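Below: one structure, written as structure tokens.
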Amino acid sequence: MDASFLERDTVTVAKELLGCELVRQTEAGLIRVAITETEAYQGSDDPASHACRAVTPRNRLMFGEVGRLYVYLIYGMHLCINVVAHEPGGVGAVLLRAARPLEGLELIRDNRGGAPDRNLLNGPGKLAQGLGITRDLNGCDLLAEPPQGLALERGAPLAGPILVTRRIGITKAVDYPWRFVAE
DNA sequence: CCGGCGATCCTCT
DNA sequence: GAGGATCGCCGGC
């Protein structure tokens, strides 16, 4: 994955991240997944975004260098993971909402504590848990060589169509068609 | 299969 | 001091 891929309009990047792969390397082993669901969140022009107002300690990564991982805690119990992506000088990130296991299925099952296989990675909190994401990965460089725990890679081209819908679980700007789902 | 609800804690106002 | 880019359990149909 090249930084220029992420240095474009956040909505375009969200759509094109479908089929791209995440590689998680830990002491326990290697996990590889293909991204199947994303949402775009922009800056001051997106009322649903964490970055719709001033820079704060939490949202600061969304204003910075593309290719960083933005990790945050939601509802007091789940982590969500985002890829910082925006035009040069812009603001934004792509929420990764679901993925399909490619390698390390046993590790994913362990991380998910016995959830049925069809519920392993089908939601943002489940994806983060399945990959074994922790808050110390906040700000990690997904494009680093060599990889630093989590890496983003180009995957095989998508086979099927892309479903475009409203974003899930928000109460502002509910009609923006910025959610992308692949099978 | 579907809708409702509680858990749980960090962040910003 | 409120509310959130969620999840899984429960009960009802």
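Computed from a prediction, not measured in an experiment: that's the story for all the values here. Reminder, nothing fancy here: chain letters follow the sequence lines and each chain counts from 1.
Per the geometry, CG belonging to Leu79(A) stands 11 Å off P belonging to dC7(C), to the nearest Å. Across the protein-nucleic acid pair, Leu120(A) atom CG and dT6(C) atom C1' stand 17 Å apart, rounded to whole Å. Counting to the nearest Å, the P atom of dC12(B) and the CE atom of Met62(A) are 13 Å from each other. The CD-P distance, from Gln42(A) to dA5(C), rounds to 16 Å in whole Å. Residue Glu37(A) contributes atom CD, which lies 16 Å from atom P of dA5(C) at whole-angstrom precision. In this structure, CE of Met77(A) is placed 13 Å from P of dG6(B), rounded to the nearest angstrom. To the nearest angstrom, P of dT11(B) lies 16 Å from OH of Tyr75(A). If you measure from atom CG of Leu69(A) to atom C1' of dA5(C), you get 14 Å, rounded to the nearest angstrom.
Within the 4.0 Å cut-off from OP1 or OP2 of dT11(B), at least one side-chain nitrogen or oxygen of Arg135(A) is found. For dT11(B), neither phosphate oxygen OP1 nor OP2 lies less than 4.0 angstrom from any side-chain nitrogen or oxygen of Arg60(A).
The side chain of Arg97(A) lies closest to dA5(C) when the candidates are dG8(C), dA5(C), dC10(B). Proximity note for Lys126(A) (side chain, C-beta onward) versus dC10(B), dA5(C), dC7(C): the nearest is dC7(C). In this structure, the nucleotide among dC7(C), dG4(C), dT11(B) sitting nearest to the side chain of Thr56(A) is dT11(B). For Arg53(A), whose side chain is taken as the heavy atoms from C-beta onward, the closest listed nucleotide among dC12(B), dT13(B), dC7(C) is dT13(B). Of the candidate nucleotides dA5(C), dC10(B), dC7(C), dA5(C) has the atom nearest to the side chain of Tyr41(A).
Aromatic rings from Tyr41(A) and His50(A) are positioned such that their centres are separated by 6.0 Å or more.
Of the candidates Arg179(A), Glu39(A), Glu37(A), Thr165(A) forms a side-chain hydrogen bond (donor to acceptor under 3.5 Å, both in side chains) with just one, namely Arg179(A).
Contact of Tyr72(A) with dA5(C) (side chain to base): a donor-acceptor pair of N or O atoms is detected under 3.5 Å.
Residue-level contact check: Arg58(A) touches the backbone only, with heavy atoms under 4.0 Å from sugar-phosphate atoms and none from bases. Looking at heavy-atom distances under 4.0 Å, Arg179(A) makes no contact with the nucleic acid at all. At the heavy-atom level, Asn119(A) lies nowhere under 4.0 Å from the strands shown. Nucleic acid contact for Ile74(A): sugar-phosphate only, since backbone atoms but no base atoms lie under 4.0 Å from a heavy atom of the residue.
With respect to Asp9(A) and Lys15(A), no salt bridge is recorded, no charged nitrogen being found less than 4.0 Å from a carboxylate O. We find that Arg109(A) and Asp117(A) are joined by a salt bridge, their nearest charged nitrogen and carboxylate oxygen being less than 4.0 Å apart.
Atom CD of Glu183(A) sits in a sparse spot, with 12 or fewer heavy atoms from other residues, nucleotides or ligands closer than 6.0 Å. More than 12 non-hydrogen atoms from other residues, nucleotides or ligands lie less than 6.0 angstrom from CZ of Arg8(A).
When all heavy atoms are compared, the tightest approach of Asp46(A) to Ala173(A) is OD1-CB, 4.2 Å.
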Read 5' to 3' with Watson-Crick or G-U pairs under 3.5 Å, [ ] for crossing pairs and | for partners on another strand, DNA chain B gives |||||||.||||.

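Using a 30° and 60° split on the angle between ring planes, Tyr176(A) and Trp178(A) fall in the perpendicular class, above 60°.
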